[in-house]
Amino acid sequence: MTAETSQTLDRGLKVLKLLADTDHGLTVTELSTKLGVNRTVVYRLLATLEQHSLVRRDLGGRARVGLGVLRLGRQVHPLVREAALPALRALAEDIGATAHLTLVDGTEALAVAVVEPTWTDYHVAYRAGFRHPLDRGAAGRAILAARRTPPDDPGYTLTHGELEAGASGAAAPLIGVTGVEGSVGVVMLADAVPERVGARVVDAAREVAEALR
């Protein structure tokens with residue numbers, strides 16, 4: 001801690017991060033142990049966070065992330081979308097296919113930014129807000145693959161006909177962006193994705209990740 005920082009705020013943020021990393025919540029004792037502070041401090045932190053709906057406690061006394069974080073989260077997507085648009089535009093124009101940024105939303109993949117090419121006679125209509133299971137489509141599969149592979153070797157994922165008949169997709173995961181799990185990809189009307197597209201999608205994902213850091 002430095003003179004310019006708040007120890008209380010720092011501890012409160014650590015509480016939220018700890019709760020966000022568990023599906024079953026944490027008790028006051030567990031939080032006290034993880035934070036290295038006494039239970040009284042934890043009670044005060046939780047009470048303050050509860051007042052802002054950022055934390056809730058169930059009947060068993062376990063603390064969990066509260067619904068108040070959703071109000072904060074709604075402001076994240078526009079910022080992410082704005083940062084990603086230059087790389088998506090370049091990708092769409094270069095490949096001649098619809099480019100998209102997809103983020104994890106629970107158990108689903110959510111398209112938060114979409115850019116269509118301007119020079120093609122036809123392309124796949126793909127809209128921001130479109131959702132699909134993580135295990136279907138290149139965007140979701142790329143994210144799942146990144147969970148299983150080393151972060152320095154994400155590669156890319158190809159699919160065909162999983163979300164739309166006759167459409168093929170290529171996507172690469174975002175790597176090294178704290179708090180954001182997602183992918184960048186393209187979708188096109190083709191039986192197969194041209195060979196050069198995979199590497200180009202990986203480059204675009206890297207550009208988006210750098211813009212978000």
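The residues of the chain are indexed from 1 along the displayed sequence. Source: prediction; values computed, not measured.
A salt bridge links Glu108 to Arg131: one of the charged nitrogens lies within less than 4.0 Å of a carboxylate oxygen. Ion pair Arg206/Asp203 flagged as a salt bridge, since at least one NZ, NE, NH1 or NH2 atom sits closer than 4.0 Å to an Asp/Glu carboxylate oxygen. Salt bridge annotation for Glu50-Arg56: absent, with no cationic side-chain nitrogen under 4.0 angstrom from a carboxylate oxygen. In this structure, Asp58 pairs ionically with Arg64, as a charged nitrogen and a carboxylate oxygen lie closer than 4.0 Å.
Applying the ring-ring contact (aromatic ring centres under 6.0 Å, His included) test to His52 and every residue at least two apart in sequence or in another chain returns nothing.
Taken from CG in Leu46 to CG in Leu26, the straight-line distance is 9.5 Å, to the nearest 0.5 Å. Distance CG/Leu110 to CG/Leu103: 6.5 Å, rounded to 0.5 Å. For the atom pair Arg44 CZ and Arg39 CZ, the distance stands at 13.5 Å (nearest 0.5 Å).
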Could you give me the CA-CA distance, side-chain angles and deciding distance for Thr22 and Leu18, then say whether side chain to side chain contact (heavy atoms under 4.5 Å, CB included) is met? CA-CA 7 Å; Thr22 176; Leu18 288 170; over 6 Å; no
Please lay out, stage by stage, how Arg136 and Leu163 fare under the test side chain to side chain contact (heavy atoms under 4.5 Å, CB included). CA-CA 7 Å; Arg136 292 184 59 195; Leu163 296 177; 4.1 Å; yes
Derivation and outcome, side chain to side chain contact (heavy atoms under 4.5 Å, CB included), residues Val180 and Arg213: CA-CA 10 Å; Val180 176; Arg213 291 190 187 118; over 6 Å; no
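Looking only at atom types and distance, the side chain of His160 has a donor-acceptor partner in the side chain of Ser168 under 3.5 Å away. Between Thr159 and Arg141, the side chains place no donor N or O within less than 3.5 Å of an acceptor N or O (distance only, hydrogens not considered).
For CD of Glu82, the number of neighbouring non-hydrogen atoms (other residues, nucleotides, ligands) closer than 6.0 Å is 12 at most. For Asp21, the CG atom is densely surrounded, since the number of other residues' heavy atoms within 6.0 Å is greater than 12.
Looking at Leu45 and Thr8, their side chains come closer than 4.5 Å, going by heavy atoms from C-beta outward.
Heavy-atom minimum distance, Ala138 versus Thr157: CB-O, 3.8 Å. When all heavy atoms are compared, the tightest approach of Ala146 to Ile175 is CB-CD1, 4.5 Å. Counting all heavy atoms, side chain and backbone alike, Ala142 lies closest to Pro173 at O-CB, 3.8 Å. Between Glu116 and Val124, the shortest heavy-atom distance links the atoms OE2-O, 4.2 Å. Of all heavy-atom pairs between Leu85 and Ala113, the closest is CD2-CB, 4.5 Å. Between Leu35 and Lys14, the closest heavy-atom pair is CD2-CB, 3.7 Å.
Put simply, the side chain of Ser32 never gets that close to the backbone of Val28: no donor and acceptor are under 3.5 Å apart. Judged by distance alone, with hydrogens and angles left aside, the side-chain atoms of Glu30 form a donor-acceptor pair with the main-chain N or O of Thr27 at under 3.5 Å. The backbone N or O of Gly96 sits nowhere less than 3.5 Å from a side-chain atom of Trp119 that would complete a donor-acceptor pair. Under the 3.5 Å distance criterion, the side-chain polar atoms of Thr120 are left unmatched by any main-chain donor or acceptor of His123. Side-chain atoms of Arg81 come within 3.5 Å of backbone N or O of Val112 as a donor-acceptor pair.
Note on residues 131-158: pairs passing ring-ring contact (aromatic ring centres under 6.0 Å, His included), not counting sequence neighbours, are Phe130-His132. Sorted by first and then second residue, the pairs that involve residues 94-117 and meet ring-ring contact (aromatic ring centres under 6.0 Å, His included), not counting sequence neighbours, are His100-Tyr126.
Hydrophobic cluster membership differs between Val202 and Ile143, with clusters built from Ile, Leu, Val, Met, Phe, Trp and Tyr side chains linked at under 4.5 angstrom.
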